[in-house]
Amino acid sequence: MSEAPRPASWPQGRPSRETTPASAGTTGEEPLLVVRGLTKHFPLYEPWLLGLARRQVGQVRAVEDVTFTLHRGETLGLVGESGCGKTTTARLILRALRPTRGEIWFRVGATMVRVDQIEGRALRALRRHVQLIFQDPFSSLNPRMPVGEIIAEPLKLHDYGARAEITERVKALMAMVGLNAQYLRRYPHSFSGGQRQRIGIARALALNPELVVCDEPVSALDVSIQAQVLNLLKDLQAQLGLTYLFISHNLAVVDYLADRVAVMYAGRLVETARKRELFGHPRHPYTEALLAAILQSDPKLRFAARRLPTDGTAAPSVGPGCSYALRCPYAVERCRAEEPELREVAAHHLARCHRVAELDLTPLPRGSRVRGAAAS
């Protein structure tokens, strides 16, 4: 199987590289990705001067002060409810959006590159190393292009080689994801949802990336097909040494695939920990509520943790205090007046809560398996 070429050096004229961040990692290994203080605000406008102009009247804080590291070969699960900022965070890392402030560092060879500063040819070269698997396998594929051309498109854009080399690479990628190479002239409508997602995975792997951002890649699939795609992602990670940033709202998927978990609420990370530690000893009330929402098939394993409110108090707090204060059953006056910091509460375990030392939160029951998790 031919390998996608990698640039020998980065283009001239790029911003100067600074020293590798001191917060590089937690395991002693050099990190592949470091995100520090990542923030994205979207302006809100209203018509002005009889509708001939507009003026800014506010802003949406989609992502606020997000910090984490990701090591080579690791899977970080980014979880939270819809609208919490997971996909916006991914788009910032991919530089599909420019951050309002913050730093994004990515390791290329022995050097850390500031992704949020590079432009032009340097940003284009970075695309070889970071790729995306989209959420919807139906809308992410061009219905007017055959599958072979869809997978070959990134190879052509990055000058992979001659037509024959590209064709061989496409066939190898299709075989790698479990598709018959004889179907490369077929169009996307000829395939099932699971097969279309396999096509999207093959396209993401075309340039041999090191980091793959998976934006809820199985949420649009049936449960049985989800298991097949998750097993494929695990096999590809072991085979190719991939690193995943896996975005999901499904804790069953995260339980099966992730090594570490980062919980996001209202644009902020509220807790990060290793998977077993987070499921077995949650330190933030929102994490406890997410675990309480998991359906258990065995009545003996059901537990009565405090659940999220279902009335009008479900909106995040917009005041100076904790964004979760209006929904939190443990909130006190300090929570409504002062924003807590994300701080280490145990080894490699961080939480954003004033009362983290006082609360004894309900974990997932021992011996419980998250319903819907894929079978090995």
Side-chain angles (χ1 to χ4, degrees), residues 1 3-10 17-36 38 66-79 86 89-95 102-116 118 122-123 125-133 154 158 173 176-177 201-215 217 230-248 253-254 256-262 269 272-278 347-350:
M1 185 186 304
E3 295 290 334
R6 300 196 184 274
S9 61
W10 285 79
R17 293 172 178 139
E18 304 173 25
T19 307
T20 302
S23 60
T26 58
T27 64
E29 302 175 359
E30 294 179 334
L32 180 66
L33 176 71
V34 177
V35 175
R36 297 197 305 191
L38 188 61
V66 169
T67 299
F68 64 86
T69 62
L70 187 55
H71 292 79
R72 198 179 304 274
E74 182 183 33
T75 299
L76 175 65
L78 184 59
V79 302
K86 303 187 300 297
T89 300
R91 295 177 69 185
L92 291 169
I93 292 171
L94 292 161
R95 272 299 304 276
E103 301 176 5
I104 307 169
W105 298 80
F106 185 82
R107 182 171 298 279
V108 179
T111 312
M112 295 295 283
V113 178
R114 279 287 298 271
V115 177
D116 55 290
I118 59 177
L123 183 57
L126 181 73
R127 304 297 189 200
R128 294 177 175 270
H129 302 270
V130 185
Q131 289 290 313
L132 172 68
I133 300 174
H158 289 268
L173 287 165
M176 187 185 299
V177 299
I201 294 172
R203 177 177 58 186
L205 298 179
L207 295 169
N208 286 328
E210 298 170 69
L211 172 63
V212 178
V213 179
C214 307
D215 186 10
L230 290 173
N231 286 331
L232 173 64
L233 290 173
K234 264 203 165 185
D235 293 341
L236 291 172
Q237 184 176 39
Q239 179 183 349
L240 304 176
L242 299 173
T243 304
Y244 292 144
L245 175 61
F246 195 92
I247 298 170
S248 180
V253 173
V254 172
Y256 179 68
L257 201 66
D259 301 305
R260 289 191 299 124
V261 181
L269 292 184
T272 63
R274 294 189 178 102
K275 176 181 62 179
R276 290 295 105 207
E277 173 68 13
L278 185 130
H348 313 315
H349 194 154
L350 288 79

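As the structure is a prediction and not an experimental result, all values here were calculated from the model. This chain uses plain numbering: 1 for the first residue, then up along the sequence.
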To the nearest 0.5 Å, tell me how far D215 CG sits from L245 CG. 9.0 Å
Distance from D116 atom CG to R36 atom CZ, nearest 0.5 Å? 10.0 Å
Side chains of L207 and R127: closer than 4.5 Å at any heavy-atom pair? no
Distance-minimising heavy-atom pair for A202 and L173: O-CD1, 3.8 Å
Between V115 and L92, is the side-chain contact (heavy atoms from CB on, under 4.5 Å) condition met? List the steps. CA-CA 9 Å; V115 177; L92 291 169; over 6 Å; no
For the atom pair CG (L78) and CZ (F68), what is the distance rounded to the nearest 0.5 Å? 6.5 Å
Could you tell me if D259 and Y244 have a donor-acceptor pair between their side chains, going purely by distance under 3.5 Å? no
F106 and L211: side-chain contact (heavy atoms from CB on, under 4.5 Å), yes or no, with the steps? CA-CA 9 Å; F106 185 82; L211 172 63; 3.9 Å; yes
dist H348:NE2 -> R274:CZ (nearest 0.5 Å) comes out at 4.0 Å
Please give me the minimum heavy-atom distance between L230 and V253, naming the atom from each residue. CD2-CG1, 3.7 Å
For I247 and A90, which heavy atoms make the closest approach, and how far apart are they? CD1-CB, 3.4 Å
Does the Lys NZ or Arg CZ of K234 fall within the cation-pi geometry relative to Y256 - under 6.0 Å from the ring centre and within 45° of the axis? yes
Have a look at E210 and tell me which of R107, Q131, H129 forms a side chain to side chain donor-acceptor pair (under 3.5 Å) with it. H129
Nearest heavy atoms of V130 and P209, plus distance in Å: N-CB, 4.2 Å
Looking only at side-chain N and O atoms, does Q237 offer a donor or acceptor that is under 3.5 Å from a partner on T75? yes
Does the side chain of L205 reach to within under 4.5 Å of the side chain of L242, using non-hydrogen atoms? yes
Do the non-hydrogen side-chain atoms of T67 and V35 ever get within less than 4.5 Å of each other? no
E74 side, atom CD; T69 side, atom OG1 - distance, nearest 0.5 Å: 7.0 Å
Does the side chain of P31 come within less than 4.5 Å of W105's, by heavy atoms? no
Take L32 and L70, measure what side-chain contact (heavy atoms from CB on, under 4.5 Å) needs, and give me the verdict at the end. CA-CA 6 Å; L32 180 66; L70 187 55; 5.6 Å; no
How about V34 and I104: do any of their side-chain heavy atoms sit closer than 4.5 Å? no
Distance from L76 atom CG to L33 atom CG, nearest 0.5 Å? 9.0 Å
Might you point out which heavy atoms bring A122 and I118 nearest each other, and give the distance in Å? O-CD1, 3.8 Å
Taking all heavy atoms of T243 and all of G73, pick out the closest pair and write down the distance. OG1-N, 2.7 Å
What do you reckon, is CZ of R91 surrounded by more than 12 foreign heavy atoms closer than 6.0 Å? no
Could you walk me through whether K275 and R260 pass side-chain contact (heavy atoms from CB on, under 4.5 Å), step by step? CA-CA 5 Å; K275 176 181 62 179; R260 289 191 299 124; over 6 Å; no
